[in-house]
Amino acid sequence: MLVGSGLLVVFLIVSVTAPWWAPHGVAETVDTPLMGMSWAHPFGTDVLGRDVFSRVVNGARDDLFLSIVSTLVAVVVGGIVGLVSGYVGGWLDELLMRVFEAVISIPLLVLALLAIAAAGPERSGSWLLLIGVVVLVYAPRVARMARSIAVDLVTRDFVLAARLRGESVRSIVRRELLPNATGVLLVEFGVRAGYTPILIGSLGFLGFGARPPSPEWGLMISENRDGLLAAPVIVLAPALSLAVLVIALNLCADGLARYLGRQAVRTP
Amino acid sequence: MSLVEVEDLTVDFWTGDGWANVVNEVTFQVRPGESYGLVGESGSGKTTTAGALLGFRRPGSRVRAGSVRFQGRDLLTLRPAELRRVRGREAALVPQNPTTALTPNMRIGDQVEEALQVHGLGGSRSQRARRVLELIRQVRLPDASATARKYPHQLSGGQQQRVTIAMALACEPKVLVLDEPTTGLDVTTQAQIIDLLARLRAETGVAILYVTHNLGVVAEICDRVGVMYAGELVEEGPTERLFERPRHPYTRGLIASVPSVVRPERTRAVLHGLLERGELPPGCRFAPRCVFADEQSFAEQPVLEEVEPGHRVACWHWREIPPLAETAPGEERIEPADTRDGNGALLGIRELDVTYGRSRGLLLARREPELVVRDVTFDIRPGETFSLVGESGSGKSTIARTVGGLLRPLDGEITFEGRNIARTVESRDRELRRRIQLVFQNPDASLNPRQRVGRIVGRPVELFFGLGGKELAARIRRLLEDVRLDPSFMRRFPHELSGGERQRVAIARALAAEPRLMLCDEVLSALDVSVQATVLELLRSLQEEHGIAYLFISHDLAVVRSLSHRVGVLYRGELCEVGTVDEVYAPPFHPYTQELLLAVPEIDPAARRAPTPKVDTETAAGPAATACPFADRCPVKVGPVCDVEPPPWRATSATHAIRCHIPLDELRSKAVWPPARE
Amino acid sequence: MIVRLVASRIALAAVTLVAVSAAVFLFTEILPGDIAARVLGRESTAEQRQIFRDRLHLDRPVYERYGIWLKNAVQADFGRSLVSDQSVTAIVAPKARDTLFLAAFAFVLYVPVTLLAATLGAAFRGRAVDHVTSVLTLVGLSLPEFVLGLLLIYVFALQLGWFPALSVIGAGGGFLDRLQSTFLPAVTLMVAMSVYAIRMLRDNLIEVLDSEYVRMATLKGVPRRRVVLRHALPSALGPALNVTALNLTYLIGGVVVVERVFDYKGLGWSLVDAITNRDTPLIEAIVLLGSAVYIAANLLADVLALLLNPRLRTS
């Protein structure tokens with residue numbers, strides 16, 4: 001947890017401040033292409049002769065912010081829909097769950113690709129689309145989980161007691177269900193946030209995420225992969241940055257789960 | 001020569017920020033063939049001590065000192081391989097909850113056989129199979145070979161417990177360690193298991209260490225008893241002497257807390273306060289709750305002293321402590337205003353039928369609804385306590401929930417203050433919701449863990465009376481005082497309270513609505529004996545102060561007797577006897593009432609009954625196939641008429657009726673009551 | 001009872017599959033812009049476009065087109081590729097075979113690795129083995145498939161030269177050659193799946209090992225190994241099956257990325273191509289196929305878990 005949040009803070013600082021101290025611009029051709037590590041270019045230069053170090057530090061913003069914002073939206077939306085659906089029950093619940101079940105049955109990455117195909121691949125650079133895709137992929141999964149919590153909670157005596165008092169649906173969801181679900185939802189958020197950079201990176205790698213000349217890491221790796229033999233560092237630097245970011249997020253999720261006395265369950 | 005010698009056993013648990021002591025310098029012996037009872041409330045360390053007899057300690061605990069010698073060998077220092085040969089072979093466990101203690105995907109026979117197999121006993125495979133059947137028969141399970149092929153979930157709780165007993169007996173061990181073996185069972189099933197254990201002890205000569213919180217059970221089966229408090233053995237002696245003349249103030253209080261089904265005198269809460277683990281004094285651990293404690297008690301630890309042969313007590317003041325008062329004459333119960341007149345009923349229930357069978361989903365075919373409650377009729381007058389008593393599955397909680405509006409009845413009428421209210425809570429008006437309050441069985445589940453006590457208790461006040469701000473705070477404070485809790489509890493969360501305190505909060509929440517009728521659904525069963533007594537006292541005084549009527553749901557016949565004005569006995573969803581408390585607890589009895597009464601273990605030596613032979617029967621849940629629901633289990637069944645013809649209600653007075661084919665005179669002559677005394 | 005349960009699971013899976021097909025159809029059909037214009041190019045005449053639309057029934061309402069498509073899809077006819085005009089089924093079938101080979105290879109590696117690591121971790125909880133697996137799985141689940149794949153290529157193909165960097169298939173070669181050339185992608189997929197499964201199965205096993213019946217067995221004198229194998233493992237296996245089926249979502253998604261990394265021309269590769277080219281019938285077919293595999297696997301796991309559970313089997 002400590003290591004995780006420490007790393008995360010470093011990532012945050014880098015992502016916010018990078019534009020001010022990065023030695024070069026992200027789209028700037030500064031030197032001969034495919035140079036290895038050197039003092040001038042610690043992470044070498046890419047196929048177009050851009051400074052990889054500058055691109056990597058600037059890319060932190062894309063991957064970190066995109067991940068956290070999109071996951072947050074997905075968990076909030078999915079959580080509320082799931083809780084209400086589970087408490088109210090009946091045909092609406094039945095219908096929602098069938099729909100979510102169907103969406104979940106399309107494998108995660110394939111669903112993301114499908115959504116991008118639907119929006120038109122040429123729009124794939126937009127942050128809004130990426131956030132939308134993550135929400136579409138996660139929200140049904142979060143909703144299904146939140147619903148199972150709600151279904152478990154509604155049979156608990158304290159919810160029955162609230163019903164006996166004649167509390168409204170809104171009041172029961174807000175006062176009785178939500179406070180008891182926040183722990184699980186927080187852990188869910190942590191775990192999902194840990195996977196989002198992988199999802200966004202994968203989309204970037206496949207060419208459906210960020211667009212050139214964005215310094216998004218997945219895209220960068222895909223652009224630089226032909227230089228793997230000549231200058232390994234230009235692939236390894238963004239790759240390791242991505243991996244360390246995900247490790248940091250996962251450590252935080254595990255720590256959070258332990259703190260809340262729950263298990264970090266990583267269900268797809 | 002002792003079989004087991006526990007000496008100075010001291011065990012600590014890791015709490016996350018340090019070691020907490022749970023068992024402190026406990027010393028006792030179990031002799032060959034003897035039955036030794038270890039009694040205490042939750043947190044007394046009795047289960048940890050019992051585990052040590054099998055060389056077991058929970059993860060996160062350590063044995064700081066002491067030894068557990070079994071025939072001379074110290075089990076606590078034995079190597080794992082040697083220990084394995086003792087477990088099951090020399091000392092065997094009968095667990096608390098057989099449902100979770102049997103491996104779900106292994107057949108019964110295989111599990112029993114495994115006990116033999118892993119110790120290389122029982123000879124060849126076919127010889128072992130024969131021995132397994134023999135064992136299953138020995139614990140009096142029906143149709144041994146069919147039972148052996150079953151999986152645990154196909155047996156009832158009582159049958160499962162018989163299986164674990166068979167498993168424990170498989171290798172003919174020298175001692176059985178029984179860890180609360182009847183806690184989850186119905187009272188009649190419990191009586192059968194106790195009876196079985198007594199017989200097996202006679203047959204095999206096995207020694208028994210019986211760990212329980214139930215004093216009555218100990219009184220029935222144990223030769224000697226040790227009483228534990230906060231990890232220490234505070235008193236030990238022969239069962240008869242200990243119950244007759246307890247020397248330790250804690251033992252004394254514990255015994256006085258247990259209501260008796262035979263003697264209806266009011267029990268008074270003699271034990272004050274609660275076990276506060278964090279604030280144990282260096283001296284006697286009971287001192288903070290003891291009325292006899294002085295400076296010495298707090299400062300110096302008392303050691304076990306012999307007060308008479310075999311009877312030892314750890315108390316500085318045992319000489320000054322008077323014997324248990326000859327039970328005080330029963331105080332007059334305050335009768336509700338009009339006990340005899342049916343017109344003034346607060347709650348009236350007529351021919352109530354309830355079912356759970358609301359099938360939903362598209363693929364499942366609708367089935368005939370199974371009635372959980374059938375044709376139940378009774379009423380409750382203002383300020384009266386009406387109790388429904390019955391075993392699990394009898395439908396008593398269902399009735400409370402239907403009255404509360406959580407379930408919609410299939411048929412029948414429920415009237416409250418003359419109005420029909422047979423509908424769910426959502427369609428009742430606010431005033432009605434306010435006047436009927438429900439208190440749940442388990443306060444852990446009925447209080448929202450994320451709300452503070454102030455909020456929990458204050459919410460109904462806010463909702464029903466629209467109070468806020470200072471007025472609300474004052475009301476909450478008064479409600480907490482009403483249930484004898486300190487106003488500082490307002491800021492606490494439920495998990496910071498003990499079980500008894502939580503149940504008080506739940507009662508305060510119900511009280512906040514100023515109800516006329518309180519539905520108490522097994523409100524005592526999750527609590528320790530001494531806490532039960534205080535909550536019982538609280539309920540009684542609240543009724544006197546506020547004139548609230550109770551529908552009191554319980555399986556505990558003694559508690560029901562001490563609290564109720566009138567009682568209804570419920571079996572498989574149907575009432576079989578209704579009357580005032582004195583009438584129901586006196587002959588003539590319905591055969592089922594009789595069976596229940598005989599099953600209750602009794603601690604009072606003077607009131608101990610002659611042992612009655614127990615018939616091995618199963619309490620079936622759900623609706624009966626016979627006209628009289630009790631017919632397939634009835635020891636005095638008349639004949640086929642019981643199966644086909646619904647029994648008639650036979651009234652002995654204006655207030656008491658029994659539903660049975662047997663005439664009242666015959667029932668009276670068959671009654672075993674009052675208990676046989678020498 | 002059990003028959004009814006199984007039947008209802010099958011019915012539910014069928015309903016889900018139909019719902020998925022509708023979702024997939026909707027997604028691909030709401031593509032913005034005039035498909036005809038884009039596929040046929042700007043120079044095409046209005047007449048040509050009309051013919052194209054007629055052939056695909058593009059002028060009819062969506063639900064009608066869905067009906068036609070579904071009817072054909074049931075008969076394994078997904079129409080023709082908009083790009084190459086070949087039958088989609090003919091394009092997909094050989095690719096599916098290659099992808100299946102890769103996935104099966106990964107799966108064969110997955111089972112023993114998962115079982116071994118999880119059982120060891122649970123049996124030696126809190127000891128070195130457990131910590132090592134826990135750290136390794138954490139690292140594993142933090143490495144995206146394309147990063148892991150590239151790392152493997154760099155170390156084992158470019159530096160050590162043990163395996164080819166790209167898995168070009170179809171150029172003859174025996175079974176062993178094929179195994180060698182698909183080893184790295186299979187390992188990548190295996191890691192992507194098993195890191196999740198190991199963690200879950202370990203936690204499950206620990207829960208079962210903490211259960212009262214396991215303690216009871218121990219206190220009965222049953223040796224540790226027998227306790228784990230006879231009392232604990234069977235109970236943990238049902239959930240493990242379900243986890244495995246759920247994990248196929250990573251396998252199927254991973255296939256897309258891994259095929260791209262290793263230039264393995266299977267279904268995943270085709271999907272990416274199809275999306276780039278907006279080859280709607282091909283996208284629909286591949287996505288539906290992937291979902292169907294996932295649904296079928298989950299159904300199978302569900303039914304197996306039901307059969308493994310005596311509580312459901314015997315009542």
Side-chain angles (χ1 to χ4, degrees), chain A residues 98-99 101-121 123 141 194-195 197-208 217-218 221-222 224-225 228-229 232 235-236 238-240 242-251 254 263-268, chain C residues 12 15-20 22-24 26-33 138-139 141-147 150-151 153-154 158 165 195-196 199-200 203 243 246-254 256-257 260-261 268 271-272 274-276 278 280 283 286-287 290-295 298:
Chain A
R98 286 280 81 77
V99 171
E101 196 67 40
V103 176
I104 292 169
S105 296
I106 305 175
L108 211 134
L109 184 64
V110 176
L111 177 62
L113 289 175
L114 191 61
I116 288 172
R123 296 189 196 191
R141 294 164 207 266
Y195 188 77
I198 298 186
L199 182 61
I200 290 177
S202 297
L203 290 175
F205 179 79
L206 292 175
F208 298 119
W217 294 335
I221 293 167
S222 138
N224 292 352
R225 62 171 299 181
L228 185 60
L229 196 57
V235 175
L236 292 183
L240 288 181
L242 183 53
V244 172
L245 171 64
V246 178
I247 288 180
L249 287 167
N250 274 316
L251 282 174
D254 282 348
Q263 256 182 3
V265 182
R266 293 185 164 83
T267 355
Chain C
L12 219 59
V15 169
T16 309
L17 191 58
V18 172
V20 166
V24 170
L26 267 177
F27 266 118
T28 48
E29 295 296 319
I30 54 171
L31 290 179
L138 184 73
V139 171
L141 64 85
S142 303
L143 289 176
E145 290 92 344
F146 58 94
V147 169
L150 285 173
L151 283 178
I153 290 180
Y154 181 67
L158 299 183
V195 283
Y196 293 96
R199 292 197 146 220
M200 270 203 180
D203 292 351
V243 172
L246 286 173
N247 272 329
L248 283 182
T249 201
Y250 291 123
L251 183 74
I252 297 169
V256 178
V257 176
R260 219 58 200 183
V261 172
L271 178 63
V272 174
I275 291 175
T276 318
R278 308 191 114 189
T280 316
I283 299 178
I286 296 175
V287 172
S291 307
V293 167
Y294 179 75
I295 293 170
N298 275 288

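Numbered from 1 within each chain, the chains take letters A, B, ... in sequence-line order.
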Quick one: which of A/A102, A/A243, A/A248, A/S105 has the most heavy-atom pairs under 4.5 Å with chain C, could you say? A/S105
Which answer fits C/R199, side chain, backbone, both or neither, if we ask what part of it has an atom under 4.5 Å from a heavy atom of chain A? side chain
To the nearest 0.5 Å, atom CG of C/L138 lies from atom CG of A/D254 at 6.5 Å
Best-contacting candidate, C/V15, C/L251, C/V272, C/I295, against chain A by heavy atom pairs under 4.5 angstrom: C/V272
Assert top hit (heavy-atom pairs under 4.5 Å, partner chain A, pool C/L143, C/L150, C/I153) equals C/L150
For C/V18, is it the side chain, the backbone, both, or neither that has a heavy atom closer than 4.5 Å to a heavy atom of chain A? neither
Residue list, side-chain hydrogen bond (donor to acceptor under 3.5 Å, both in side chains) with A/N250, at least two apart or on another chain: A/R266, C/S142
Go through A/I221, A/L199, A/V99, A/V244 and name the one with the most non-hydrogen pairs under 4.5 angstrom from chain C. A/I221
Given heavy-atom pairs under 4.5 angstrom as the criterion, report whether the side chain, backbone, both or neither of A/L111 touches chain C. side chain
Mind ranking A/A239, A/G218, A/G194 by heavy-atom pairs under 4.5 Å with chain C and telling me who comes out on top? A/A239
Could you work out, with side chain to side chain contact (heavy atoms under 4.5 Å, CB included) as the rule, every residue matching A/L236, not counting sequence neighbours? A/P232, C/L151
At what distance, to the nearest 0.5 angstrom, does CZ of C/F146 lie from CG of A/L242? 5.5 Å
Out of C/L141, C/N298, C/V293, return the one with the most heavy atom pairs under 4.5 angstrom to chain A. C/L141
A/E101 vs C/V20, side-chain contact (heavy atoms from CB on, under 4.5 Å): CA-CA, chis, key distance, verdict: CA-CA 9 Å; A/E101 196 67 40; C/V20 166; over 6 Å; no
Walk me through it: do A/F205 and C/V147 pass the test side-chain contact (heavy atoms from CB on, under 4.5 Å)? CA-CA 10 Å; A/F205 179 79; C/V147 169; over 6 Å; no
Do C/Y294 and A/I106 touch side chain to side chain, with heavy atoms closer than 4.5 Å? no
Taking atom CG of A/L114 and atom CD1 of C/I286, what is their separation to the nearest 0.5 Å? 11.5 Å
